[in-house]
Amino acid sequence: MMSRKATSERGYSSLNTAHERICALFLGPRAENHAILRDKFAEIVQETLEARERFFPDDPVFIDRQITESTAFSEQVQKFDSYLSVLNGLLAKHCIPFFSPRYNGHMTSDPLMPAILGYLVGLLWNQNNVTPEASPITSYVEYLVGQQLCQLVGYRSFYDSGPTVGLSLPVGWGHITCDGSIANLESLWVVRNLKFYPLSLQRAVKEGRLKFADGLETTLCSGVKKKFVDCSAWELLNLTVDEILSLPTRLIADYGISTRFIENSVKDYLIANTGKDALEKHFDIKSPQVLISVANHYSWLKSTSITGIGIDNLIHIDVDISVCMDMASLNTHLEKCLKDQQTVYCVVAIMGTTEHGAVDPLFDILRLRANFQKRGLSFYVHADAAWGGYFCSMVVRTTPKILPFINQYSFLLTQPTPPKVIIPAHSIALPHSDIVLEQPLSEYSQNQLFSIRHADSTTIDPHKAGFIPYPAGSLCYRDERLRFMVTVTASYINTTADVDCVGTYGVEGSKPGAAATAVWLAHHSVGLDSKGYGSLLGEVMYTSVKLYANWATMSFNDPNLIVKTLAMLPSEKKGLAQSEIDKEIKYIIDKIVNQPNDEIIHGKEIMKSISELGGDLIITVFACNFRINGRVNEDIKEANLLNRRLFERFSVTKREDDPYKCDLFVSSTTLEQKTYGVALDKFKERLGLKGDGDLIVLNLVPMSPFPTAHNLVKSFSDTFKKAAIEEIEECCARIVPSPAQHSFVMQGTDRLFLSYISVFNIGNYRQQVVLTGDLSDEVMKTYVQEAEGHPSTLFTLTMEKSLFLTIISNGSCRVSVYKGLDTKHPYCLAKEVELSNIRVIVNRSIGPSHLDSSYPAFMHFYLYGTTSQQHLDHMLLRTPNTQFAAGRVILDLDEHISLMARDGLLSGLIAVADNVYEEAMQPFNADHEPTFFKSGRIFRISIYEDPNAPDKPGPGLLNDLGSPIVTGTATLSSSIYIDYTLVNQEHGVAISTQHSKAG
């Protein structure tokens with residue numbers, strides 16, 4: 001390690017050249033390079049001018065001075081200039097500042113300047129890359145870009161010198177798509193057609209024009225040679241990719257026939273013509289499956305749906321605690337497929353999940369395929385490296401680009417462990433707070449990314465980790481012949497230009513040549529090796545690790561805040577004692593979090609520790625929890641509320657929000673229990689949470705190489721921690737009951753009943769309550785007169801500010817009675833009068849842990865009142881929900897029963913509206929208001945005795961209702977529902993915002 005003195009003598013510039021090169025590639029967080037971009041814009045416009053003037057210079061001037069000086073011309077220019085000014089101003093004011101290091105939300109960043117300029121050049125010169133006759137240069141540029149991407153992931157390209165050790169390997173092929181979703185769709189289109197091609201070919205040999213080729217031989221995936229016509233459907237469906245692609249070539253070689261003749265002979269039997277169902281029926285086979293991790297991108301649901309494979313045939317494989325595909329689960333499912341002769345289209349390996357940055361064990365997937373091929377089961381392997389593809393530029397290539405092997409992937413069987421890779425040494429830079437370091441990939445990530453070269457196809461998104469403007473996805477094939485599986489040509493497209501005609505292949509037809517020129521210029525300007533994109537992404541990786549270090553240690557020794565990252569610390573992974581975990585956290589705080597880069601770079605031990613931190617590819621997933629009075633909150637819904645509030649605080653969720661007031665941007669997602677299984681179980685355990693609920697988490701996705709300079713990352717952490725502590729104080733104030741005002745809907749004129757206005761997420765109002773009590777004769781008389789005269793009007797009662805438990809225990813309190821629920825301008829019937837003889841009919845908690853996990857099939861109500869007047873209050877069993885109350889319902893029962901004799905109406909009964917389907921109607925919101933609940937509506941009901949104590953917290957209140965004591969109908973004479981803005985939300989809302997609707 002060079003001494004600091006020696007480093008200083010060499011000078012700053014010569015030692016920080018990698019970062020300096022990167023700084024020249026971006027406009028900059030503060031538009032530091034605006035002059036470069038401005039001048040290049042001017043040069044492009046000037047070159048466009050000169051080129052247009054050179055084209056037939058003797059042609060007349062079409063827009064002459066007379067036109068440009070005309071009123072109409074000037075007005076038109078002024079018109080679009082004014083709208084441009086408006087648009088530019090709106091974008092500058094309201095768009096998210098992706099350019100800033102403070103933005104760590106989604107996979108979006110400031111694009112590279114070469115990519116911006118490349119896009120502009122392409123935009124001015126070519127709008128459509130569908131065919132070489134329209135795009136002779138940009139089509140070829142797209143072909144070259146495809147070859148560059150093939151090289152990036154390790155496929156052989158036309159740049160490579162040729163076969164190694166006498167073996168001819170296939171040449172890869174790639175092209176630009178609008179995004180990764182289209183690339184994934186195309187890959188499944190190829191997989192579907194490829195899987196069924198042997199079946200179609202066999203029909204052509206047995207039934208069609210290729211009957212003379214009945215001597216054709218094929219090699220099964222197990223290595224056994226067999227006559228093609230004698231193969232079973234199972235054997236044909238499990239031919240290897242290479243074997244399927246070689247069948248037409250072998251027909252040509254063995255029988256001297258033309259490619260065109262083969263195409264015409266097979267055409268009538270192809271899946272593209274007959275459809276999947278016809279081939280499955282003819283061969284009596286099950287629909288094949290696509291296997292993918294549960295952490296897959298939603299585009300795979302779209303792709304299986306569009307291709308007709310069917311979402312039900314997209315089989316989700318469990319993940320391990322690192323959110324990577326669990327190999328034991330995959331092996332178990334493949335064993336079942338082999339046993340049941342269930343064909344597998346493909347296994348998709350996700351090389352960097354878009355929500356967690358997790359990399360699937362592709363090396364093991366390939367090795368597993370080789371093992372199953374020996375036993376007769378083969379499948380295609382696709383690498384979804386939309387996010388992780390460009391990280392291949394960071395892979396240390398310790399073996400030849402083209403690996404010699406005798407048959408497909410046999411080398412995987414002879415190597416029990418992945419190839420060893422060497423973590424490169426970090427470049428030394430001058431001690432300076434502006435130094436930006438590079439972080440290499442972990443050995444695991446390098447091994448998996450290195451293995452992409454053996455996947456059959458790969459999705460890569462240049463507009464993600466390639467820093468290219470949208471739209472720019474891509475798809476690369478290990479063997480260029482795969483593209484012919486989805487070749488559809490329009491009659492007006494000239495396809496004579498072989499490699500140039502990228503528009504012939506894939507889902508898209510017309511597409512911008514600008515996308516190709518943007519990627520091409522970026523690739524050549526930056527470089528796809530370790531000194532180019534590898535260096536840029538190395539700096540971004542270091543940003544990610546610094547963020548991880550800050551967030552993983554943020555709550556150390558804090559009395560109230562708990563922050564955990566999904567990616568565990570090394571000591572946690574090893575299962576060490578808490579004392580050892582604390583020791584590691586203290587080390588990270590002292591040596592990494594609180595140290596500038598110029599101090600970190602000189603610590604060999606520190607650099608080694610940094611290399612072991614964080615997830616696979618950049619993304620840091622984390623969640624917060626809290627303690628109340630020293631006790632860890634165990635309620636998942638409370639933690640979710642905290643994380644949701646933090647997300648809203650550090651993001652822009654509405655158009656009217658000002659993004660320039662947000663000092664840090666994060667993103668958010670929900671980890672579903674049914675999807676993430678053991679990974680989520682472990683994460684919740686570390687957070688101190690209990691239960692099987694889904695968890696809202698936050699994401700940090702740094703795409704900038706800049707924030708580690710000046711240790712800006714530390715300020716981000718401090719900002720977030722301060723906000724989290726403030727939100728926890730709000731949580732505690734909200735959860736812990738404190739003196740407050742409590743409001744009720746008034747029901748009944750012969751005896752007063754009170755239905756409590758509940759709020760799910762404010763501790764003081766988190767209960768469902770029905771009371772009865774007495775007002776003075778004078779107050780009661782005034783209320784009855786008003787209620788009888790205005791039967792559709794809502795009357796409310798508000799208690800004095802106090803603890804609710806105190807009011808109940810005292811049995812009396814001071815109240816005010818209002819007509820309506822307008823708390824800003826209420827019409828007060830009585831102020832601060834006595835409510836006495838308070839009796840509880842229902843007092844049940846509706847806190848998160850006391851709610852059911854699903855809605856009941858039918859709507860349930862508490863039924864109470866007197867023999868002459870009965871009232872209903874909707875049972876709040878699950879959130880989100882809306883509170884309904886109905887006074888003086890008219891009961892028409894099938895048989896006479898004395899409810900009062902059983903004291904049922906004062907003890908509380910449960911009425912089930914058998915024709916009101918609550919589960920089907922939820923959730924209620926602005927687009928779906930509960931219009932069914934109105935005066936005059938008749939419900940069929942069954943009445944049950946409530947087996948629960950009035951204060952039973954639930955859940956499971958409906959488990960033991962038994963048989964109804966009576967059935968009949970209930971007609972609403974007056975009804976109200978508390979607006980969804982109050983009860984439906986999972987956020988706490990102030991009582992003053994309550995509204996009601998009466999009918």
Side-chain angles (χ1 to χ4, degrees), residues 1 3-4 7-8 12 15-16 19 29 100-102 104 426-440 538-572 576 578-615 618 620-622 624 646 650 663-664 666 698 700 702 704-726 728:
M1 179 71 68
S3 70
R4 295 186 63 174
T7 306
S8 301
Y12 173 76
L15 292 173
N16 208 30
H19 184 61
S100 172
R102 295 181 180 275
N104 294 275
H426 298 271
S427 57
I428 302 171
L430 178 72
H432 190 282
S433 63
D434 284 341
I435 292 173
V436 178
L437 307 182
E438 294 179 22
Q439 169 65 29
E539 291 192 4
V540 175
M541 283 286 291
Y542 183 75
T543 299
S544 173
V545 172
K546 284 281 282 187
L547 282 168
Y548 173 87
N550 276 269
W551 259 259
T553 62
M554 181 179 290
S555 59
F556 181 63
N557 284 340
D558 191 280
N560 297 323
L561 176 63
I562 300 171
V563 179
K564 294 293 180 183
T565 54
L566 181 62
M568 292 185 287
L569 293 166
S571 55
E572 290 180 301
L576 301 182
Q578 187 60 48
S579 58
E580 293 300 314
I581 296 173
D582 290 345
K583 188 184 297 183
E584 181 179 35
I585 292 174
K586 187 69 167 62
Y587 177 86
I588 293 172
I589 292 173
D590 293 341
K591 302 298 184 181
I592 300 174
V593 171
N594 292 331
Q595 291 294 334
N597 293 340
D598 64 306
E599 295 292 337
I600 291 174
I601 196 171
H602 292 281
K604 186 176 181 180
E605 181 185 344
I606 301 174
M607 296 301 290
K608 182 178 183 301
S609 299
I610 286 178
S611 69
E612 298 173 350
L613 298 179
I618 288 183
T620 295
V621 179
F622 70 97
C624 301
L646 284 168
F650 290 104
D663 43 18
L664 176 68
V666 303
L698 305 175
L700 293 164
S704 172
F706 299 112
T708 62
H710 309 286
N711 206 6
L712 192 60
V713 167
K714 181 65 168 61
S715 71
F716 297 166
S717 171
D718 293 342
T719 297
F720 184 88
K721 182 174 181 177
K722 180 176 181 293
I725 290 172
E726 290 172 358
I728 288 172

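Below, each value reflects all heavy atoms present in this structure, side chains not excepted, and no hydrogens, waters or symmetry copies.
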d(Phe706 CZ, Arg102 CZ) to nearest 0.5 Å is 14.5 Å

Considering non-hydrogen atoms only, spot the tightest contact between Met554 and Ser717 and give its length.
CE-OG, 3.5 Å

Partners passing side chain to side chain donor-acceptor pair (under 3.5 Å) against Gln595 (at least two apart in sequence or in another chain):
none

Counting C-beta onward and ignoring hydrogens, is there a side-chain heavy-atom pair between Leu664 and Asn104 closer than 4.5 Å?
yes

Please examine the side chains of Ser544 and Gln439, heavy atoms only from C-beta on, and report whether any two atoms are closer than 4.5 Å.
no

Euclidean distance, Tyr542 OH relative to Asn597 CG, rounded to 0.5 Å:
4.0 Å

Is there side-chain contact between Asp663 and Phe716, with heavy atoms separated by less than 4.5 Å?
no

Evaluate the side-chain proximity of Val593 to Asn550: yes if any heavy-atom separation is below 4.5 Å, no if none is.
yes

For Thr543, all residues meeting side chain to side chain contact (heavy atoms under 4.5 Å, CB included), sequence neighbours excluded
Leu547, Pro702, Pro707, Thr708

Heavy atoms, side chains only, cut-off 4.5 Å: are Glu539 and Leu437 in contact?
no

Straight-line distance of Ile618 CD1 to Leu700 CG, nearest 0.5 Å
12.0 Å

So which pairs with a foot in residues 704-720 pass salt bridge (charged side-chain N to carboxylate O under 4.0 Å, His left out), sequence neighbours left out?
Lys714-Asp718

Which residue pairs pass the salt bridge (charged side-chain N to carboxylate O under 4.0 Å, His left out) test when at least one of the two sits in residues 543-558, sequence neighbours left out?
Asp558-Lys721

Rounded to the nearest 0.5 Å, the CD1 atom of Ile725 sits from the SG atom of Cys624 at a distance of 10.5 Å

Taking it one step at a time, do Val713 and Tyr548 satisfy side-chain contact (heavy atoms from CB on, under 4.5 Å)?
CA-CA 10 Å; Val713 167; Tyr548 173 87; over 6 Å; no

What residues form a side chain to side chain donor-acceptor pair (under 3.5 Å) with Asn594, not counting sequence neighbours?
none

Residue list, side chain to side chain donor-acceptor pair (under 3.5 Å) with Ser571, at least two apart or on another chain:
Glu584

Least distance between heavy atoms, Leu646 atom then Ala724 atom
CD2-CA, 3.7 Å

Quick one, Ile592 and Leu613 - any side-chain contact, counting heavy atoms below 4.5 Å?
yes

What pairs with Glu726 under salt bridge (Lys or Arg N to Asp or Glu O under 4.0 Å), at least two apart in sequence or on another chain?
Arg649, Lys722

Which residues share a side chain to side chain contact (heavy atoms under 4.5 Å, CB included) with Val621, sequence neighbours left out
His356, Leu566, Ile619, Val697, Asn699

Taking side chain to side chain donor-acceptor pair (under 3.5 Å) as the definition, give me every residue that meets it alongside Asp582, ordered by chain and number, with sequence neighbours left out.
Gln578

What residues form a side chain to side chain contact (heavy atoms under 4.5 Å, CB included) with Lys583, not counting sequence neighbours?
Glu580

Within the structure provided, determine whether Ile600 and Lys591 are in side-chain contact (heavy-atom separation under 4.5 Å).
no

Holding to side chain to side chain contact (heavy atoms under 4.5 Å, CB included), I want the full list of residues that pass it with Ser715, two or more places apart in sequence or in another chain.
Leu712

Residue set satisfying ring pair (Phe, Tyr, Trp, His ring centres under 6.0 Å) with Phe622, at least two apart, ordered chain then number -> Trp551, Phe720

